[in-house]
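This report refers to the structure that appears directly beneath it.
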Amino acid sequence: MAELLIMEPQQQTSQALERILAQAGHDCKVCQSAQEGIECVYSGRHSLAILNARMPWSESYSLLRLMAEKHYSVLFLTSESDNEAHLRTLYQGACDVLVVPSGSAALLQKVDALLSDAHSVLAFGSIRMDLHKHIVTLDEEEMTLTAQEFSLLQALLQSPDVPLSRADLLRKAWGYEALCETRTVDVHIQRLRRKLGNERIETVYKMGYRLKAV
């Protein structure tokens, strides 16, 4: 089950979408304007938004920028099949297009595919890690990390708000226990700091390390 946003001004259409997605086990929040959608993005923890592509661009521009910052996936709904390529250029994050009217199976297939891709991506602030492609970007620029640095950053991204001890990081990043020797974590933290920026990895006194929003 996932928490989804439906941004559709036509009540009949939004109700039909909500019914199909709820029957598939998803929890849906319906918004009928871009401003309402912005409020939902700020207040909720949704992972995917379904957006009527005919919403006015002057209203949806800020919404799309905000969703990109929050690493949302977006499914555009359009009745114009020749509009698909254009819609894909409007959004900087993961997105897809569904030409409507369409059956419930096609809708659910698109939603499931976007959710599957979203689960392969870890993000915090301007750091984004694609686990399938083994790519890390910082401020949309691809980074070069060693395998150990990648594993360490992955462990930090999986619990960005929680301080992780050196022993925790050894176990999560490299899969082994260490009763006393944790110096290797400090060494790799310093290397990550040089690449990410010192301010992005915080030392928590007597606890360990955690990522910090910048």
Side-chain angles (χ1 to χ4, degrees), residues 1-124 127-137 140 142 154 157-158:
M1 183 185 77
E3 295 185 23
L4 311 180
L5 279 180
I6 299 173
M7 278 167 273
E8 168 58 63
Q10 300 297 323
Q11 186 175 14
Q12 184 176 359
T13 303
S14 65
Q15 288 176 342
L17 291 169
E18 184 178 17
R19 182 175 63 254
I20 293 169
L21 294 165
Q23 288 174 347
H26 300 300
D27 184 13
C28 302
K29 171 67 177 177
V30 176
C31 303
Q32 294 185 308
S33 70
Q35 183 56 47
E36 188 179 354
I38 289 174
E39 294 172 2
C40 288
V41 171
Y42 273 122
S43 62
R45 297 183 63 85
H46 310 91
S47 54
L48 185 148
I50 299 170
L51 176 65
N52 185 323
R54 297 191 68 181
M55 293 179 69
W57 177 245
S58 59
E59 298 178 8
S60 56
Y61 174 73
S62 297
L63 172 63
L64 289 173
R65 287 194 61 182
L66 177 61
M67 289 194 296
E69 290 174 6
K70 300 291 186 181
H71 306 294
Y72 272 60
S73 299
V74 173
L75 177 61
F76 291 103
L77 304 182
T78 181
S79 59
E80 302 172 18
S81 58
D82 59 352
N83 203 27
E84 183 171 343
H86 172 66
L87 288 172
R88 292 181 187 277
T89 68
L90 296 180
Y91 189 63
Q92 300 304 309
C95 69
D96 202 349
V97 180
L98 178 65
V99 178
V100 294
S102 185
S104 58
L107 170 65
L108 293 174
Q109 183 179 22
K110 295 277 190 181
V111 168
D112 288 345
L114 282 170
L115 289 173
S116 177
D117 288 344
H119 291 156
S120 72
V121 174
L122 299 174
F124 183 76
I127 304 170
R128 185 177 178 88
M129 173 181 284
D130 188 317
L131 298 175
H132 285 174
K133 298 178 181 178
H134 209 77
I135 291 174
V136 175
T137 58
E140 299 184 5
E142 187 171 338
Q154 180 180 345
L157 283 167
Q158 287 171 334

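Note: hydrogens, waters and symmetry copies are ignored here, and every other heavy atom, side chains too, is used. These figures come from a predicted structure and were not determined experimentally.
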* Structure fact -> When every non-hydrogen atom of Ser33 is compared with those of Met55, the smallest separation belongs to C-CE, 3.7 Å
* To do: Could you tell me which non-hydrogen atom of Val97 sits nearest to which non-hydrogen atom of Thr78, and how far apart they are?
  => CG1-CG2, 3.6 Å
* Within the distance-only criterion (no hydrogens, no angle test), does the side chain of Tyr91 pair as donor or acceptor with the backbone N or O of Leu64 below 3.5 angstrom? -> no
For a 4.5 angstrom cut-off between non-hydrogen side-chain atoms, does [X] reach [Y]?
X: Leu5; Y: Tyr72; result: yes
X: Leu48; Y: His26; result: no
X: Leu75; Y: Leu107; result: yes

* **Over 12 foreign heavy atoms within 6.0 Å of CD, Gln109** => no
If you measure from [atom1] on [X] to [atom2] on [Y], what distance do you get to the nearest 0.5 Å?
X: Ile6; Y: Glu18; atom1: CD1; atom2: CD; answer: 5.5 Å
X: Arg128; Y: Glu142; atom1: CZ; atom2: CD; answer: 13.0 Å
X: Thr137; Y: Ile127; atom1: OG1; atom2: CD1; answer: 9.0 Å
X: Trp57; Y: Leu90; atom1: CH2; atom2: CG; answer: 4.5 Å
X: Met7; Y: Ile50; atom1: CE; atom2: CD1; answer: 9.0 Å
X: Ser104; Y: Arg19; atom1: OG; atom2: CZ; answer: 9.5 Å

* Asked: Restricting to pairs with a member in residues 5-17, which pass side-chain hydrogen bond (donor to acceptor under 3.5 Å, both in side chains), not counting sequence neighbours?
  -> Glu8-Asn52
* How would you list, by chain and number, every residue that makes a side chain to side chain contact (heavy atoms under 4.5 Å, CB included) with Leu66, sequence neighbours excluded? -> Ile38, Val41, Tyr42, Glu69, Lys70
* To do: Just jot down the side chain to side chain donor-acceptor pair (under 3.5 Å) partners of Arg88, sequence neighbours excluded, or say none.
  => Glu84, Asp96
